[in-house]
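All figures in this text were calculated on a predicted structure; none of them were measured in a lab.
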Amino acid sequence: KLPQYKLKLEKTEFDSIFSGLNSGRYQMGVNNIAKNPERQKNYLFSDPMFKNSYVVIYKSDNKEAKQANSWDDLAGHSTVGSTGVNTSTAIEEFNKKHPDKKIDLNYSEEDLTTQLQGVESGKYDFLLMDKPMFEYYQKELGLKLTGKPVSGDLEKELLSEPYSYFVFSKDQKQLQKDVNKALKEVTGDGTSKKINEKYFGEDYSPSYK
């Protein structure tokens, strides 16, 4: 949809997206990136490109596996996460407020495949991640894992920012504008729906009026 641009896609660590935007190495960052006030001071965001939905992932034979209604359901259990991602930040906030019943958050630069394998092996008790990504990895890897939907207060807190966005350096206002136009086009003509259903099994496209 944007023939006026030449796309060069470079895979990097999550934190390097933002440092690369700061240095001018990248003009645009792509991941399951949420808005927050601190990021909005430093970067531009596209219109929504993806609706979020979360699950708690357990080892399939975990008899204690259950749908999580609150952070209390996960307190005392171990998980893994990268710094700066939505779920890690939310767990950090819970631990600050509840030092007597913390979630054991292990920081790691492991990719999602390795993190999921860590739950499967029993290294970690659970992993909190977005539903479509889990379903994609589960289909590709065939891991012995089960995903339980989040609900109640936990769902409300994680989905206080219900969308993901493309992110840009502050000097890329024209690129931001062009991407927003293209997002509306691919959502309106059904392209986004086809891509979502192909890779995730259902449509997570945002709605544009």
Side-chain angles (χ1 to χ4, degrees), residues 7 9-18 28-35 46 48-69 71 73-74 77-92 103-151 154-155 157-159 161-167 186-187 191-206:
L7 176 65
L9 186 61
E10 183 172 326
K11 185 177 178 180
T12 187
E13 298 295 332
F14 185 81
D15 289 344
S16 297
I17 295 174
F18 297 97
M28 178 177 175
V30 182
N31 201 297
N32 190 19
I33 298 173
K35 284 182 184 177
S46 70
M49 61 102 171
F50 196 81
K51 288 190 296 187
N52 289 320
S53 178
Y54 288 94
V55 287
V56 185
I57 296 122
Y58 301 95
K59 191 176 178 181
S60 293
D61 61 2
N62 184 345
K63 295 179 181 178
E64 296 181 1
K66 59 184 177 181
Q67 182 170 322
N69 293 293
W71 291 110
D73 292 333
L74 303 175
H77 298 283
S78 65
T79 188
V80 61
S82 304
T83 58
V85 300
N86 303 357
T87 51
S88 294
T89 301
I91 291 170
E92 289 167 359
I103 295 168
D104 180 15
L105 174 59
N106 297 273
Y107 294 99
S108 174
E109 294 184 0
E110 297 170 344
D111 59 22
L112 279 174
T113 297
T114 307
Q115 291 182 12
L116 288 165
Q117 289 170 339
V119 177
E120 184 184 42
S121 70
K123 182 179 179 181
Y124 311 113
D125 295 326
F126 74 91
L127 184 64
L128 190 59
M129 66 182 290
D130 52 290
K131 178 185 174 186
M133 286 304 294
F134 170 63
E135 291 176 346
Y136 172 77
Y137 276 84
Q138 185 74 323
K139 182 173 67 174
E140 291 294 306
L141 302 173
L143 300 171
K144 295 178 181 178
L145 297 171
T146 183
K148 300 284 187 177
V150 300
S151 58
L154 183 56
E155 181 182 32
E157 186 171 342
L158 286 171
L159 293 180
E161 176 48 81
Y163 297 105
S164 294
Y165 306 83
F166 296 117
V167 62
V186 297
T187 302
T191 302
S192 178
K193 179 180 179 180
K194 289 179 182 177
I195 293 171
N196 274 265
E197 289 179 341
K198 177 180 179 180
Y199 291 101
F200 305 129
E202 60 184 286
D203 187 17
Y204 294 91
S205 303

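Shown here are the side chain to side chain donor-acceptor pair (under 3.5 Å) partners of S60, two or more places apart in sequence or in another chain: there are none. Partners of K131 under the side chain to side chain donor-acceptor pair (under 3.5 Å) rule, at least two apart in sequence or in another chain, are E202. The ring pair (Phe, Tyr, Trp, His ring centres under 6.0 Å) search around Y137 returns none, not counting sequence neighbours. Residues satisfying the side chain to side chain donor-acceptor pair (under 3.5 Å) test with N106, not counting sequence neighbours, are none. With sequence neighbours excluded, no residue forms a side chain to side chain donor-acceptor pair (under 3.5 Å) with T89. Contacts of Y136 classified as ring pair (Phe, Tyr, Trp, His ring centres under 6.0 Å), with partners at least two apart in sequence or in another chain: none.
For the atom pair L116 CG and K144 NZ, the distance stands at 15.5 Å (nearest 0.5 Å). If you take CG on L7 and CE on M28, they are separated by 8.0 Å, rounding to the nearest 0.5 Å. Atom CD1 of I17 and atom NZ of K11 lie 11.5 Å apart (nearest 0.5 Å). Going from atom CG of L145 over to atom CD of Q117 covers 9.5 Å, rounded to the nearest 0.5 Å. Summarising the geometry, atom CG belonging to L105 is positioned 8.0 Å from atom CD1 belonging to I103; distances are rounded to the nearest 0.5 Å. Note that OG1 of T113 is 9.5 Å distant from CD of Q115, once rounded to the nearest 0.5 Å.
The side-chain heavy atoms of P132 and F50, taken from C-beta on, include a pair separated by under 4.5 Å. The closest side-chain heavy-atom distance from V55 to K148 is not below 4.5 Å. The side-chain heavy atoms of E13 and S82, taken from C-beta on, include no pair separated by under 4.5 Å. Here the side chains of I57 and T146 are not in contact, with every heavy-atom distance at 4.5 Å or above. Residues M49 and Y163 are not in side-chain contact: their nearest non-hydrogen atoms beyond the backbone lie 4.5 Å or more apart. Using a 4.5 Å cut-off on side-chain heavy atoms (C-beta onward), H77 and D104 make no contact. Side-chain contact check for D73 versus L154: every heavy-atom pair is 4.5 Å or farther apart. Side-chain contact between V119 and D125 is absent, with no heavy atoms from C-beta onward closer than 4.5 Å.
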*side chain to side chain contact (heavy atoms under 4.5 Å, CB included) between Y165 and I33, worked out*: CA-CA 6 Å; Y165 306 83; I33 298 173; 5.6 Å; no
*Quick one: do F200 and F134 satisfy ring pair (Phe, Tyr, Trp, His ring centres under 6.0 Å)? Show the steps, please.*
CA-CA 9 Å; F200 305 129; F134 170 63; over 10 Å; no
*asked:* With side chain to side chain contact (heavy atoms under 4.5 Å, CB included) as the criterion, how do Y58 and L127 come out once you've worked through the C-alpha distance, each side chain's angles and the decisive distance to 0.1 Å?
replied: CA-CA 7 Å; Y58 301 95; L127 184 64; over 6 Å; no
*Would you sort out whether E197 and K193 count as a side chain to side chain contact (heavy atoms under 4.5 Å, CB included), showing the intermediate values?*
CA-CA 6 Å; E197 289 179 341; K193 179 180 179 180; 3.1 Å; yes
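Residues K123 and S78 come closest through the heavy atom pair O-OG, 4.1 Å.
Counting non-hydrogen atoms of neighbouring residues, nucleotides and ligands closer than 6.0 angstrom, the NZ atom of K139 exceeds 12 such neighbours. Residue E109 qualifies as open at atom CD: its count of foreign heavy atoms under 6.0 Å is 12 or below.
In this structure, the side chain of N69 does not engage the main chain of S151 through any donor-acceptor pair within 3.5 Å. Within the 3.5 Å criterion, the main-chain N or O of S205 finds a donor-acceptor partner in the side chain of D203. Looking only at distances, no side-chain donor or acceptor of E135 sits under 3.5 Å from a matching main-chain atom of G201. The main-chain N or O of V167 is never found under 3.5 Å from a side-chain atom of S46 such that the two would form a donor-acceptor pair.
Side-chain contact annotation: Y107 with E92, donor-acceptor N/O pair under 3.5 Å present.
Screening L128, I91, L74 for a side chain to side chain contact (heavy atoms under 4.5 Å, CB included) involving T79 leaves a single residue, I91.
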